[in-house]
Amino acid sequence: MNRAENRRGCGRDDGRRPPPGTNYLFDDIRKRNRGLKLFNTVRGCFRTLNFTNIFEGFKGYHRRGWSTMTQCVECGADLTLHADLEVGEIVDCTTCGAELEVIDVEPPVLEKAPELEEDWGE
Amino acid sequence: MTLQVGILYSRIRRDEKLLLNELRERGHEVEKIDVRKQAFDIQEAGEAFDDLDLVIDRCLATSRSLYATRFCEAYGIPVVNSNETAEVCADKVKNSLALEAAGVPTPATKVAFTKESALEAIESFGYPCVLKPVVGSWGRLMAKIDSKSAAEAILEHKATLGHYEHKVFYVQEFVDKPGRDMRVLAVDGEPIAAMARSSEHWLTNAAKGAKTEPFELDDEALELVEKASDAVGGGLLGVDLMETGDSYTVHEVNHTVEFKALNDAVDIDVPGAVVDWLEEKAQSEADTRSMEVRA
Ligand SMILES: Nc1ncnc2c1ncn2[C@@H]1O[C@H](COP(=O)(O)OP(=O)(O)OP(=O)(O)O)[C@@H](O)[C@H]1O
Ligand SMILES: [Zn+2]
């Protein structure tokens, strides 16, 4: 197996585990800290990590380690979401075919995706 | 060095996901910037742009891509691709003019503003010929015109129903290619990988379901890719070529290039190679900036 196949075959879409080295945990913490940091700077103190952050981070990692279920906002059918869901991604409802945009991943929130526009493309 | 990379997007396609995964795997920090949520300030960059070493423009909408890259440059953040490149590539007229000016073989093309003059252009090429929208992609709204009556009907429809951009008529000679065209992904003119896209249909876009297979570039193609890349200002580009029998003709260069189909078609780790180049690019930008500071 060549390198490309190897990389691509490492569980991206098998709904079980995120690709090796995918550091969702710290990505999530960094995101939360952005808000925190600002808030704390205003109050004159500085705190970068707290237990909630760490806990939330682990929870996110754990949840994303396995596929999640949600409902289609168009037809209400159950929808299985793959493991490495990404905000901004489009998923298709297997029941009604609707294109759904991932608005949030924790927990997953879907919305009907905007229609294709004429100036879209490469 | 670890990078802070911003990604301008409004939709995460498989292409963006491949990039995101590759960047994160290498330990870079990624700031996803949904351009729909931004209000770009002409004075100062928003919070999302703090401390970024490099921004990658992956906007799906051409208009957004053009403005967003412009803002990045105003904020002093290196952006891939540059606004200059985006401006040229986003518009088929500018694209063709740039290729022609650089001496890159490109299909004969005429641009007209009224249906009367467009019909004249079409007749001058003879049938079949091709009518393309100046903005757009994935082979959408492209017309192969086989007769005068078809030409009249299409022009009438465009003039009556089209958005103002469809009143710019981009007329091109039909290239009798051997059922396929080539997509080359290149970074500053250096190819990462190439594929042939074949179809029974005259449109051979991967997005239209064309069959793809790896394509070996010969010296001539290599030279054309480099020249075409230079012609539009370089960067991470998709150069599209057609075979003309004894040589090639470059019909366009894409600036927010999709590479998922290419990645599936070839043995090369495409996102890996793209990120290699992004790392080099960020490094050289950083070097230039520190030199400027010292000077
Ligand atoms: N002048 C031409 N003669 C024959 N075939 C053409 C010509 N121009 C384009 N084609 C075919 O039509 C397809 C789409 O053309 P082109 O790349 O210009 O459109 P597009 O919508 O901008 O596509 P994309 O941006 O996704 O590459 C090409 O893949 C090619 O096979
Ligand atoms: Zn549904």
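Below, each value reflects all heavy atoms present in this structure, side chains not excepted, and no hydrogens, waters or symmetry copies. Naming: A, B, ... by sequence-line order, numbering from 1 per chain.
- Between A:Glu86 and the choices B:Lys32, B:Arg14, B:Arg13, the salt bridge (charged side-chain N to carboxylate O under 4.0 Å, His left out) rule is met once, by B:Lys32.
- B:Lys17 places a side-chain N or O within 3.5 Å of a backbone atom of A:Asp84 that can act as its donor or acceptor partner.
- The structure places CD of A:Glu117 at 7.5 Å from OG of B:Ser63, a figure rounded to the nearest 0.5 Å.
- More than 12 heavy atoms of other residues, nucleotides or ligands shown are found within 6.0 angstrom of CZ on B:Phe40.
- Nearest approach of B:Trp138 to A:Leu116, heavy atoms of both residues: CZ3-CD1, 3.6 Å.
- Looking at every heavy atom in both residues, B:Ser137 comes nearest to A:Gly121 through CB-CA, 3.3 Å.
- Summarising the local packing, NE2 of B:His163 is surrounded by more than 12 heavy atoms from other residues, nucleotides or ligands at distances under 6.0 Å.
- No side-chain donor-acceptor contact under 3.5 Å links B:Glu258 to the backbone of A:Glu122.
- Put simply, NE2 on B:His166 and CD on A:Glu118 are 3.5 Å apart, with the number rounded to the nearest 0.5 Å.
- The part of B:Arg36 that comes within reach of chain A is its side chain, from C-beta onward, which places non-hydrogen atoms under 4.5 angstrom from that chain.
- Within the 4.5 angstrom heavy-atom criterion, only side-chain atoms of B:Arg140, from C-beta onward, approach chain A.
- For a residue to count as touching a neighbouring chain, one of its non-hydrogen atoms must lie under 4.5 Å from one of that chain's; by this rule A:Val102 does not touch chain B.
- To the nearest 0.5 angstrom, A:Leu85 atom CG is 11.0 Å from B:Ile12 atom CD1.
- Within 6.0 Å of CD on A:Gln71 lie more than 12 heavy atoms contributed by other residues, nucleotides or ligands.
- Taking chain A as the reference chain and counting heavy-atom pairs below 4.5 Å, the highest number among B:Thr62, B:Leu60, B:Val257, B:Asn254 is found for B:Leu60.
- For the pair B:Thr256/A:Trp120, no side-chain contact is recorded, criterion being any heavy-atom separation below 4.5 Å from C-beta on.
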